[in-house]
2 protein chains.
Amino acid sequence: MDEFSLIKRYFEQPSHSAVQGNDALLLGIGDDCAVLRIPAAKDLVFSIDTLVEGVHFPVEASAADIAWRLLGSAVSDLAAMGAEPNSFTLALTLPGMAPQWLEEFSLNLVTAAAKYQLTLAGGDTTKGPLALSVQVNGFVNQGAALLRSGAVEGDIVCVTGSLGDSKAGLGLLAKPPENQQQAYLLERYYRPLPRISSGLLINTFASACIDVSDGLIADLSHLLKRSGVSAKIDAQSIPLSQALLQEAGENALQWALTGGEDFELCFTLSAENWAALKLQHHDVALTAIGVITAGDESKIFQNNQWQPMVAKGYLHFSE
Amino acid sequence: MDEFSLIKRYFEQPSHSAVQGNDALLLGIGDDCAVLRIPAAKDLVFSIDTLVEGVHFPVEASAADIAWRLLGSAVSDLAAMGAEPNSFTLALTLPGMAPQWLEEFSLNLVTAAAKYQLTLAGGDTTKGPLALSVQVNGFVNQGAALLRSGAVEGDIVCVTGSLGDSKAGLGLLAKPPENQQQAYLLERYYRPLPRISSGLLINTFASACIDVSDGLIADLSHLLKRSGVSAKIDAQSIPLSQALLQEAGENALQWALTGGEDFELCFTLSAENWAALKLQHHDVALTAIGVITAGDESKIFQNNQWQPMVAKGYLHFSE
């Protein structure tokens, strides 16, 4: 089977029902480009992400887990903009044909895409070391993209869900999970849940937002820098899961502060909006962890004292 | 230098002047997503392409050549849709930091982007075997994307420029060029010229279009299949460069028919429109090479007889 048949077989199946339900996507796979008509009064938001075997997932990762992790992490960028997902393209680099791998991958990709309301709009399949790039397209009301740059002094700093789980999962990849907690943490690593509906709702209330991909402190620092403000964070408020506490012991807080790839949202908003948001938001826990301050010296209250908040995220080229 | 500083240093330079001149791009690099406002009455067209070291370019390729080849081949998909280029994202996977490589690459990428009127809108930098994915965004008037599917019986089949040069260039990669012809063919391989302005003009006249990336017969076959028609092609009409004839000898025609990555446009149009187009088009040679016929048995007149036209393009997974 050649490249074209391969792509056709797995990604142009009529069962790929998401294609039919997308009014904006005028043309999908099969031409030189896909064609998208942005709905009236909407802006397009888009982002590209790459996962490389041995870097972003272990060689042993299943095709299913790779598919979920790939789309979950990519869609998280749409969530952070308060955007509604629409479509994506996939650049797939594979060492060889591997029909079984591709079947498992494509089945899970299609399932994940349907869950996130994303239509596969196009792609490229090439031969090479296993790597996958995804570009996601989403829509926001014109001028309403939720940026990193809007935080102001006095805003509350909040996060969705719990942090550090993915880092704990990363440490458990080598062997099968021994208990429910470990299974949960592995799931959090392999199948991050992008906070799409939270992002859509948060967009109405928040002044700034970022998704936690490099680690809370690193990502919050990006947000602060873009906004030209600083923050005071209370380490004791950081939401930690029971599974993390059980698995990480005394490392739990450190992992929550610096472990990457939780794909939760970190956002800022006025006290008034925080009260209003909490009344409407029921998807996942929201936790206030600090406040925005003026200047550029961010601090974190930890071990009974205020310490400088230093960004140490996941840096691909610093190793 | 960490990942963020690296990206910042090379791609957020104020000298990257293209960013300023793009009215549609409301937000570029530096947030979770880029934000694009599609101009009134326009559709967005987009396509993703990957180049892998050792597959799409030799290990010895210079960072400059890789940058030009990357953007040239990606933009060619916009040309084939008759679209006007707007912006692109870059997913860059690098084995290591290599500041010199990155400097040469980014400088040439910015230069190529300016030439093709593309703004770098976002990206992702990861560690891994050298590979580059680019997604290009372009605009067409609403409903006016030039597809592969519009060819009808009686249309003339045409191509831009000359074919087979890139294949000849591929055979010359091992050593420095010995003469002007070889230098020309290498240039055609490393720095394909996407037919943007031709595509924009052709869009007004053509019924269908595709860019020649897999080889003329393979790509024409895609167009024919999507249009539900066949073609009769005259092999003697295929445009061949002097350099190709000199370098390839008796292989010249075969390379023109099946060699990939020329990134010329192959398009169809009525005889009336063909006459009108020729009067207006002065960018590069246009050559009529055959006609569209009914049915599904395409033929090519070669060696003084009609033969079945069999697609044998570049197939990544058939080796």
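Lettering of chains follows the sequences in order, A, B, ..., and the numbering in each one begins at 1. Basis for what follows: all heavy atoms, side chains included, without hydrogens, waters or symmetry-related copies. Here the structure is a predicted model, which is why all the values come from computation and not from measurement.
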Max heavy-atom pairs within cutoff under 4.5 Å with chain B, candidates A:S133, A:A131, A:A24, goes to A:S133

Do [X] and [Y] have side chains that approach each other closer than 4.5 Å (heavy atoms only, starting at C-beta)?
| X | Y | answer |
| --- | --- | --- |
| A:F267 | A:N203 | no |
| B:M309 | B:L224 | yes |
| A:S87 | A:L120 | no |

Which heavy-atom pair separates [X] from [Y] by the least distance, and what is that distance?
| X | Y | result |
| --- | --- | --- |
| A:A208 | A:R148 | CB-O, 3.6 Å |
| A:D32 | B:I210 | OD2-CA, 3.4 Å |
| A:C266 | A:V212 | CB-CG2, 4.1 Å |

Give, as side chain, backbone, both or neither, the part of [X] having an atom under 4.5 angstrom from any heavy atom of chain A.
| X | value |
| --- | --- |
| B:L36 | both |
| B:E53 | neither |
| B:A34 | both |
| B:L51 | neither |
| B:A79 | neither |
| B:V45 | both |
| B:L26 | side chain |

The interface call for A:I38 against chain B, heavy-atom contacts under 4.5 Å, is side chain

Under 4.5 Å to a heavy atom of chain B? For A:A121 that would be side chain

Here the salt bridge (Lys or Arg N to Asp or Glu O under 4.0 Å) pairs for residues 77-87 of chain B, sequence neighbours left out, are B:K42-B:E84

If you tally heavy-atom pairs under 4.5 Å between each of B:T89, B:D31, B:I48 and chain A, the highest tally belongs to B:D31

Per-residue tally against chain A (heavy atom, under 4.5 Å) across B:L78, B:V52, B:V140, B:L223 peaks at B:V52

Sequence neighbours excluded, the answer for side-chain contact (heavy atoms from CB on, under 4.5 Å) partners of A:A67 is A:F105, A:N108, A:L109

